[in-house]
Amino acid sequence: MQTDKVRSYLGFARRAGKLTLGVNGAATLKKGVFLLLADHSAAKNTQKEILKLQQKLSCPLLFTDDLEGLTGKAGCKLAAVREEHLAQAIARALQD
């Protein structure tokens, strides 16, 4: 995993207004989400909510370590990327 690239891509999405952080924030979205990025350390109930969101939004879900470090937001357990090309780039960087 190339954490520097992922951190940069998430920063680009955040500055462009195309990143929603948190389970509650993502739950308000209806469509237009291209990737859900979740933290492995999320509680069991939070993981259940994330899986429900994935079904609702019909988008890929990837788990990572230290999502709060990647997003720069303390306690962040979920990030919803709403820009298609950045979502693809993040997925590629996480698979490397």
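Taken to the nearest 0.5 Å, the SG atom of C76 stands 10.5 Å off from the CG atom of D66. Distance NZ/K52 to NZ/K48: 8.0 Å, rounded to 0.5 Å. Rounding to the nearest 0.5 Å gives a distance of 7.5 Å between CG of L78 and CG of L67. Rounding to the nearest 0.5 Å places CG of L36 at 9.5 Å from CZ of F63. Within the model, atoms CD of E83 and CG of L19 stand 11.5 Å from one another, a figure rounded to the nearest 0.5 Å.
Within the 3.5 Å criterion, the main-chain N or O of F12 finds no donor-acceptor partner in the side chain of K18. Checked by atom type and distance alone, the side chain of K73 never pairs as donor or acceptor with a backbone atom of G22 at under 3.5 Å.
For K77 against T46, the heavy-atom pair with the smallest separation is CB-CG2, 4.5 Å. Across every non-hydrogen atom of E68 and D39, the tightest pair is N-OD2, 4.2 Å. Here the shortest heavy-atom pairing between A93 and K5 reads CB-CB, 4.2 Å. The shortest non-hydrogen separation linking H40 to Q47 is O-NE2, 3.4 Å. Between V33 and L57 the shortest heavy-atom distance is CG2-CD1, 3.9 Å. Here the closest heavy-atom approach between residue L21 and residue A79 is recorded as CD2-CB, 3.8 Å.
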Between F34 and V81, is a side chain to side chain contact (heavy atoms under 4.5 Å, CB included) present by the stated rule, with each step listed?
CA-CA 6 Å; F34 296 98; V81 182; 5.7 Å; no
Please assess R82 against T20 for the test side-chain hydrogen bond (donor to acceptor under 3.5 Å, both in side chains), listing each intermediate value before the final yes or no.
CA-CA 8 Å; R82 300 186 327 265; T20 302; 2.4 Å; yes
Walk me through it: do L62 and I90 pass the test side chain to side chain contact (heavy atoms under 4.5 Å, CB included)?
CA-CA 10 Å; L62 297 175; I90 290 167; 5.6 Å; no
Apply side chain to side chain contact (heavy atoms under 4.5 Å, CB included) to L10 and L37, showing your working.
CA-CA 10 Å; L10 288 171; L37 191 58; 4.0 Å; yes
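Residues L61 and I50 form a side-chain contact, since some pair of their non-hydrogen atoms from C-beta on lies under 4.5 Å apart.
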